[in-house]
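Below, chains carry the letters A, B, ... as their sequence lines are ordered, and counting in each starts from 1.
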Amino acid sequence: MKPNLNDQVLATLSKSNHLNHLKQLQAHLITLGHAHTHFYAFKLVRFCAITLSNLSYARLIFDHLYSPNIYLYTAMITAYASHPTTHPSALELFRHMLRFPTTPRPNHFIFPHVLKSCYESRSTGLVHAQITKSGFEQYPVVQTALVDSYSRVLGGLRCARKVFDELSERNVVSFTTMVSGYARVGDVDNALRLFNEMEERDVPCWNALIAGCTQNGLFNQGIELFRRMVGVAFDREGEGQCKNKPNQVTVVCALSACGHTGMLQLGRWIHGYIYKSGFVLDSFVSNALVDMYGKCGCLGQARKVFEINPEKGLTSWNSMINSLALHGRSDGAIAIFEEMVEHGGSVRPDEVTFIGLLNACTHGGLVDQGYYYFEMMIREYGIEPQIEHYGCLIDLLGRAGRFDEAMEVVKGMSMEPDEVVWGSLLNGCKVHGRNDLAEFAAKKLVEFDPHNGGYGTMLANIYGELGKWDEVRNVWRTLKQQKSYKIPGCSWIEVDDQVHQFYSLDKSNPKTEEIYNILESLVGSRNEVMVEF
DNA sequence: CTAGGGTTAG
């Protein structure tokens, strides 16, 4: 028996990845008299838009149909909505569909896709009106899509909440959407409040909250939630219900938090958990592991995970480069960069790549090489330097004591220098004893953030170095009046799953004396010693 | 064709 055309088309598309394959299939369909069969056209449009990211050809197929049905409009609008630069086209097509009576009438499936194209054009409200008018507002799927759409528009969170509050029926999905909305604007408190109100929870809603924490820098809180999730899932007291086990998305978030806080033990546990759970090491998981190991200083492990990733994407390369750069392995970072350019396939270095690369040069003292890559970024890759790149470059030049060039760069910047730029310059000045320029940079910092006790303290110290004692007193008086205090430097180490925190000059630890003695024997002085808080 | 969750950056 001959395989039917339906299966043939699906099989061909699942194996194809090139426009030529698509054209062959099209030719085949035309000879069989199926050039205008909606079902096949639908498959072709989706393939073209999703696999090939070729919107113009998808539109070409669409435009050659006599009267596209609702499926085809939906497919075409979905295609546009998933490519941010073509958002207007999605709405245009939708309006066209509404305006002409010969086109299909909207159903409730199309609205989520239309709403996805509203984020940048801020037209959620218009579509909302249309939804109400056409009587689709009572569909939970549409309602949730509305909440999501409002929450992604700048300043739209209040509207999102309003729609959410008026829902006829809240479920775990609409709750999760709202939690993510709060997380997106950094309002973790409200995200948590809503999470606590939920009577039923699933994996995505845990993930939304954990991601909310880690994306807003609340790494410890994220870890705490992760531990709670693991605890609930494995039900340590009871009979082990194993519901809501962390999945790939969860571990990616948790690993990010481990990297940022240096929790290597937990990171290793998660790696084991991934292995035991039989998760596929997709690029997200792999990259998160590389980043965690890299940040925790296990460069060998990071490298191993990186090497076995068969689909190294931009982030994979960037994570590996950053890991090496972070630990001063400039040669390694540069080698990976070169490998990326040579064997990275379609992957092209982006602005993050160059931050890592410049960082590597800074830590290795490779000033000229750093300059070279900075130029390469602009000329060969057409990347406009961001303030971050300038920060790296100033850092690079400052540490090398090349202050004239550093100031040239500052003057040539296309934007106002920020705190990091002045901070980098100041740091270089301190290393090289350039107190005159240090005063200038520190003043800029204080100007930037007059209530920052740290900046004030640095300025006062520099005045001290310069013997400007009146100025020293002035700065201290201002700081005192404003109640601006320097946040003490802090460092910590993880031993047996416990984090020990150390602040400068704090002697509150019961073992202070012992710690001091050991550290003294190690560094030979008490001045730089940290004591546990 | 059907609403929610993911990594990298001075």
Checklist entry - Does a distance-only test, which skips hydrogens and angles, find a donor-acceptor pair under 3.5 Å between the side chain of A:Thr177 and the base of B:dG4? => result no
Next on the checklist: Nearest 0.5 Å, please: how far is CE in A:Met292 from CD1 in A:Ile270?
Outcome noted: 7.0 Å
Next on the checklist: From C-beta outward on A:Val252, which listed nucleotide comes closest to its side chain: B:dA9, B:dG4, B:dT7?
Outcome noted: B:dT7
Checklist entry - B:dG10 base to A:Asp418 side chain: any donor-acceptor pair below 3.5 Å? => result yes
Next on the checklist: Nearest whole Å is fine: how far is B:dT2 P from A:Ile70 CD1?
Outcome noted: 13 Å
Checklist entry - Do the ring planes of A:Phe136 and A:Tyr139 sit parallel (below 30°), tilted (30 to 60°) or perpendicular (above 60°)? => result tilted
Item to check | OP1 or OP2 of B:dA9 under 4.0 Å from side-chain N/O of A:Lys295 | outcome: yes
Checklist entry - Rounded to whole angstroms, how far apart are CG on A:Leu426 and P on B:dG10? => result 19 Å
Next on the checklist: With a cut-off of less than 4.0 Å, is there a side-chain N or O of A:Ser256 near OP1 or OP2 of B:dT8?
Outcome noted: yes
Next on the checklist: Can you measure A:Ile336 atom CD1 to B:dA9 atom P for me and round it to whole angstrom units?
Outcome noted: 17 Å
Checklist entry - What's the CH2-P distance between A:Trp317 and B:dA9, to the nearest Å? => result 18 Å
Checklist entry - Do A:Asn247 and B:dG5 have a side chain to base donor-acceptor pair shorter than 3.5 Å? => result yes
Next on the checklist: Please determine whether any donor N or O and acceptor N or O are separated by less than 3.5 Å between the side chain of A:Asn171 and the base of B:dA3.
Outcome noted: yes
Checklist entry - Just wondering, do A:Met340 and A:Pro349 contact through their side chains at under 4.5 Å, heavy atoms? => result yes
Next on the checklist: Looking at A:His108, I'd like to know whether one of its side-chain N or O atoms comes within less than 4.0 Å of OP1 or OP2 on B:dA3.
Outcome noted: no
Item to check | Phosphate OP1/OP2 of B:dG6 contacted by A:Asn207 side-chain N/O (<4.0 Å) | outcome: no
Item to check | Residue pair A:Ala333 / A:Ala325: nearest heavy atoms and the distance that separates them | outcome: CB-N, 4.2 Å
Checklist outcome for this item: Between NE2 of A:His389 and C1' of B:dA9 the distance, given in whole Å, is 8 Å
Next on the checklist: Less than 4.0 angstrom between a side-chain N/O of A:Gln215 and OP1 or OP2 of B:dG6, yes or no?
Outcome noted: yes
Checklist entry - Rounding to a whole Å, what distance do you find between A:Asn318:CG and B:dG10:P? => result 11 Å
Next on the checklist: Is the distance between the ring centroids of A:Phe94 and A:Phe111 under 6.0 Å?
Outcome noted: yes
